[in-house]
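A short worksheet on the structure shown next.
This one's a predicted model, so the numbers in the text were calculated from it and none came from an experiment.
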Amino acid sequence: MEPCIKINAGATKWEIRHKVWDYMENRNLANFPRPVHNRIPNFKGAHQACGALTELEAFVRTREVKVDPDKPLEGARLAVLQARKMLLVPTPRLRNGLFNHIIPPAGASKEDLRVCSTSQGVKEFSRPVGLDAKVTVDLVVVGSVAVSEKGYRIGKGEGYADMEYAMMVSMGAVSSATVVVTIVHDCQVVDIPEDLIESHDVTVDYILTPTRVIRTDCKLPKPEGIIWAKLDADMLGKIPILKTLRALEQQSGKDVTLGKAEQRAKEDLPRESREKARGEPEAVATLYVGGIPSGLRVGELKGALRDRGVLPLKLHWQGPQRRAFLDYNDRRAAEAALAALQGLSVNGHGLQAEFARSQRSHRRPVHAQRPAKVPETQTEAKRSSQA
């Protein structure tokens, strides 16, 4: 079946996400919450697509199922509860552990089970599952922004589904026999280049849509655990359970050396940009990003930067002033990032990217027009914001 959305050669994950989000939003293919940008879309026909889950052999023989908390997967969570199987839902942003076990009230009616499958029910009828619990997850259901018939998956860019799977591997909750399913609208099935899929990305075995059940026979292996070199101390601070898992793996003799933020920033650049960025570090180079729309969250900008492979060493957020500054380890890395930021758009708003005023030479900005006054240095920026 020919995909509804054509993906251009050389497209990035960021570009694929926004093509899907724009297509669905412009054609009114989603229910609340809207707009669909920066979300797993709650597509129309989601409950119908979720209904096909019970027809999979993997569902019939499973006892414990992990389903993401995304809105379009309510039908999948309901199906698990109606089948009297154990339903595990990840804790929001993994702040307080990995799983919650959803336990309906005694003698639950169909309506009670429906409530338990909603986000409110997940909060009210859940019990935390500790790392020492003997959990064997036979089936994993994840949300997606885009997925290919080969099983390549793209989420909304925050990486939690991939991290959850890696953590489940680490605690022995999943194995090579565990089946991964995603449930999406037909238009979300697109051609995704294989070279976009990295070692930490979760691939899927089945795709359920309102009209099809697709078995992918994916040839790429799933993550074999947590790749500690891709994490740093800041990540461990945001997800405390990682500290416990790291200590356990260290005790078992595994290499749990963390990566450095500077090194990870280089690795996140495109291959050709990484080659340019090699060599001895120079003074920190700073890019200016302007035209930030009112209401944009710093996490949304970080997601757009991550998708383009240009995460900075440090991001100085000045949302109220509609700007941000991006620090890179040297001029070459900043130039590579500037080239990658051409045409940057977040939620349909075009942003302006250029070197901070004090670091400009003969280079012209990527976009010819920018706000009239931009502080030359971070110190001046801070003073102006306090004025």
ask   = Does R331 come within less than 4.0 Å of E335, counting only side-chain N to carboxylate O?
value = yes
query = Does E194 come within less than 4.0 Å of K219, counting only side-chain N to carboxylate O?
reply =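 Between K219 and E194 there is no salt bridge, as every charged N stays at least 4.0 Å from the carboxylate O atoms.
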N/O donor-acceptor pairs under 3.5 Å from side chains in residues 172-179, not counting sequence neighbours:
{"from": "S175", "atom 1": "OG", "to": "A177", "atom 2": "N", "distance (Å)": "3.2"}
{"from": "T178", "atom 1": "OG1", "to": "V137", "atom 2": "O", "distance (Å)": "3.0"}
{"from": "T178", "atom 1": "OG1", "to": "S175", "atom 2": "N", "distance (Å)": "3.0"}
{"from": "T178", "atom 1": "OG1", "to": "S175", "atom 2": "O", "distance (Å)": "3.3"}

Just by modelled atom types, is the [Y] backbone N or O under 3.5 Å from a matching donor or acceptor in the [X] side chain?
X    : Y    : answer
K44  : H185 : no
Y328 : V310 : yes
W21  : R39  : yes
R308 : A340 : yes
S170 : G225 : no
R77  : D70  : yes
E74  : T118 : no
D201 : E198 : yes
Q318 : R323 : no
S252 : E249 : yes

request  = Return the set of residues passing salt bridge (Lys or Arg N to Asp or Glu O under 4.0 Å) with D255 (not counting sequence neighbours), or none when no residue passes.
outcome  = none
query = Any side-chain donor-acceptor pair under 3.5 Å between T216 and D205?
reply = no
request  = Could you tell me whether the side chains of S144 and Q188 share a donor-acceptor contact shorter than 3.5 Å?
outcome  =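 No - no donor-acceptor pair under 3.5 Å links their side chains.
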Give a yes or no on whether [X] atom [atom1] has more than 12 heavy-atom contacts from other residues, nucleotides or ligands under 6.0 Å away.
X    : atom1 : answer
E111 : CD    : yes
R34  : CZ    : yes
K314 : NZ    : no
R63  : CZ    : no
D22  : CG    : yes

remark   = Which of I102, V89, L87 passes side-chain contact (heavy atoms from CB on, under 4.5 Å) with S126? It is I102
ask   = When hydrophobic residues are tied together by side-chain contacts of less than 4.5 Å, even through go-betweens, does V145 share a cluster with M163?
value =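 Each belongs to a different hydrophobic cluster.
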Cationic tip of K85 above F59 ring, under 6.0 Å, 45° of axis =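 The answer is yes, since K85 meets both limits relative to F59.
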ask   = Closest heavy-atom contact between L81 and P104?
value =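 Closest approach of L81 to P104: CD2-CG, 3.9 Å.
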ask   = Mind checking what makes ring-ring contact (aromatic ring centres under 6.0 Å, His included) contact with W14, not counting sequence neighbours?
value = H18
